[in-house]
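First the structure, in the form of structure tokens, and then the observations on it.
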Amino acid sequence: MTVVTRFAPSPTGFLHIGGARTALYNWLYAKHTGGKFLLRIEDTDRERSTPEAVEAIFDGLNWLGLTADEEPTFQFARRDRHAEVAHELIKAGKAYYCYCSQEELQEMREKARAEGRPMKYDGTWRDRDASEAPAGVKPVVRLKAPQEGDAVISDQVQGDVRVANDQLDDYVILRGDGTPTYMLSVVVDDHDMGITHVIRGDDHLTNAFRQKALYDAMGWDVPTFAHIPLIHGPDGAKLSKRHGALGVDAYRDEMGFLPEAVNNYLLRLGWGHGDEEIISQDQAIEWFDIKDVGKGAARFDFAKLTNLNGVYLRQADDTRLANDIAPLIAKQIGVDAIDAAQKEILIKGMSGLKERAKTLIELADSSAFYVTDGVTSFNEKAQSLIDSAPEGLFAELAKELDALENWTEENVDASVRNIAEKLDQKLGKVAQPLRAVLTGSNSSPGIFEVMIVLGKSQTLKRIRKFDAQ
RNA sequence: GAGGCCAUCGUCUAGCGGUCCAGGACCUCGGACUUUCACUCCGAGAACACGAGUUCAAAUCUCGUUGGCCUCACCA
């Protein structure tokens, strides 16, 4: 049997980090088993679903590389099919019309709660004849759920979970206006799409029992379920906007994370393979099995994600990184886009730059000095390094460096060391002020590397600004 | 309130009855390297929620307690 998994978000907002992990696990499991990964947009909530959200979800998934093997299914478009199934169930005596009003339902729940019973529909219309129906009420359709015995789900993550059927009620599958509810839509779509493994958040665990009753009523095979624990915020509470429940686009655009780092982090959040931490996508596909996902909820930790991002940043291709930060730098230096020459400089300096950054944001911040003409601002420490530089240092540097014929790292290195000796200073006393005038900062890639990447004329231009000092 | 799920360092996890006075990573703190910062390396800190039981032997199995989470809509 070929495995078919799916990711089924409702387009009521961006793709959040928990959804991204669910998608990743579904994708990985499909790849691991040589199966298929499908996408279904659950847009049956017409009030809250938006085309923008659909776009945001596709965008996020594409960024993470979690692409579906077939065209996505849009649930709302299948509403007639869903209703058809509901009517089939009525015909088969496995579902029935219910004419209860909202008020009656509300009373039912309050009474149940007061008596310490589960808050469920009491089956008022389960066996009542339609002739008793009140006039003018558009009935809903309820599934005749089993009332005795236990229902068992063999969950791939949670193990065997058992619930007594008397805890479950005859839930609504078709609304008064004839539209399907989520419970009906999911089951019909998962069945029609041939989904073999339903991997989703464990907030759906109790829904699985309701859905099982529907599969059984239709005589359909129940898919294998795997309910993965939810992700919590750093404080252990449910993930909210203040924590990580941002769209993945925020992780990309505002925080500067790399997709491979996010995937690796998400993979390790709830799953492990021995002592492995840095796991390539191919390795993940080979190792990942849904059965190995942990049962406990995990907290989201930005520090670890950031560290991981640093690892991937250092491994990343220089040209790719230069392209990634190009728009950020352009914005920073106030141009529409940086030119080819500037891009070249960034690529040239990237090996020294990427070692010092953990995110693309940091990388852009620390790279901008390379592409400006002169240094546009000096931080406090740089300013004080310049102020306390040995007398005549900059004039001396300008003179000596200008005289250099071959502008190589070896030569500028020797030249600067010479000057330090000549002025009877330690190298640091010369290198630090030099760094300050060249970069505007007290920290940067190796100073000789900076001089080479900057080039002779730009280096001298920056030094000469202070040679009167 | 009713049902369900969960529980190893601050965090993510390894561990699937003996090899664990519990391993790795992040984190924090020392140190080495060094022209700064970073990288890298070395070292330190830090956990089996609690209580019973099963067993020659329990982080690993059972039960209870406590704590956390999820669900209980004509939302998905």
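Residue numbers start from 1 in every chain, and the chains themselves are labelled A, B, ... in the order their sequence lines are given, proteins ahead of strands.
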Sequence neighbours excluded, the answer for side-chain hydrogen bond (donor to acceptor under 3.5 Å, both in side chains) partners of Arg462(A) is Gln458(A)

So, using side-chain hydrogen bond (donor to acceptor under 3.5 Å, both in side chains) as the criterion, who are the partners of Thr179(A) when residues are at least two apart?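 Result, side-chain hydrogen bond (donor to acceptor under 3.5 Å, both in side chains) vs Thr179(A): Arg175(A), Asp177(A).
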
Using side chain to side chain contact (heavy atoms under 4.5 Å, CB included) as the criterion, list what pairs up with Asp301(A), not counting sequence neighbours.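 Asp301(A) satisfies side chain to side chain contact (heavy atoms under 4.5 Å, CB included) with Tyr265(A), Ala303(A), Lys304(A) only.
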
Roughly how far apart, to the nearest Å, are rC48(B) and rC9(B) at atom C1'?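 Per the computed distance, 10 Å lies between those C1' atoms.
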
Can you list, pair by pair, the side-chain donor-acceptor contacts under 3.5 Å of residues 440-452 of chain A, counting residues two or more places apart and other chains?
unit_1, atom_1, unit_2, atom_2, d
Ser441(A), OG, Ser443(A), N, 2.9
Ser441(A), OG, Ser443(A), O, 3.0
Asn442(A), OD1, Asn379(A), ND2, 3.2
Ser444(A), OG, Arg435(A), NH1, 2.8
Glu449(A), OE2, Gly352(A), N, 3.3

Heavy-atom protein contacts under 4.0 Å, nucleotides 60-65 of chain B, coded B base, S sugar-phosphate only, - none: ------

What pairs of residues pass the salt bridge (Lys or Arg N to Asp or Glu O under 4.0 Å) test when at least one of them lies in residues 256-265 of chain A, not counting sequence neighbours?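 Qualifying pairs: Glu260(A)-Arg320(A).
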
Taking all non-hydrogen atoms of both residues into account, name the closest pair between Phe369(A) and Thr439(A) and its distance.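 Residues Phe369(A) and Thr439(A), closest heavy atoms: CE1-CG2, 3.5 Å.
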
What nucleic acid atoms does Gln102(A) come within less than 4.0 Å of, heavy atoms only: base, sugar-phosphate, or nothing? base

Tell me whether Arg40(A) is salt-bridged to Asp190(A), with the criterion being a basic N under 4.0 Å from an acidic carboxylate O. yes

Before accepting this row, confirm whether a basic side-chain N of the pair Asp189(A)/Arg6(A) lies closer than 4.0 Å to the acidic partner's carboxylate O. no

Pull out every protein N or O sitting under 3.5 Å from an N or O of nucleotides 25-28 of chain B, one pair per line with the distance.
unit_1, atom_1, unit_2, atom_2, d
rA25(B), O4', Glu277(A), OE2, 3.3
rA25(B), N3, Lys304(A), NZ, 3.0
rC26(B), O2', Lys304(A), N, 3.3

Set out, line by line, the N/O atom pairs under 3.5 Å between protein and nucleotides 5-9 of chain B.
unit_1, atom_1, unit_2, atom_2, d
rC5(B), O3', Gln158(A), OE1, 3.3
rC5(B), O2', Gln158(A), OE1, 3.1
rC6(B), OP1, Lys295(A), NZ, 2.7

Pairs: protein N or O with nucleotides 40-51 of chain B N or O, under 3.5 Å:
unit_1, atom_1, unit_2, atom_2, d
rU40(B), OP1, Arg314(A), NH1, 3.4

If you look only at pairs with a residue in residues 386-396 of chain A, which of them pass as a side-chain hydrogen bond (donor to acceptor under 3.5 Å, both in side chains), with sequence neighbours excluded? Gln383(A)-Asp387(A), Glu396(A)-Lys422(A)

Among residues at least two apart in sequence or on other chains, which ones pass ring pair (Phe, Tyr, Trp, His ring centres under 6.0 Å) with His82(A)? none

By ring pair (Phe, Tyr, Trp, His ring centres under 6.0 Å), which residues pair with Tyr312(A), not counting sequence neighbours?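 Partners of Tyr312(A) under the ring pair (Phe, Tyr, Trp, His ring centres under 6.0 Å) test: none.
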
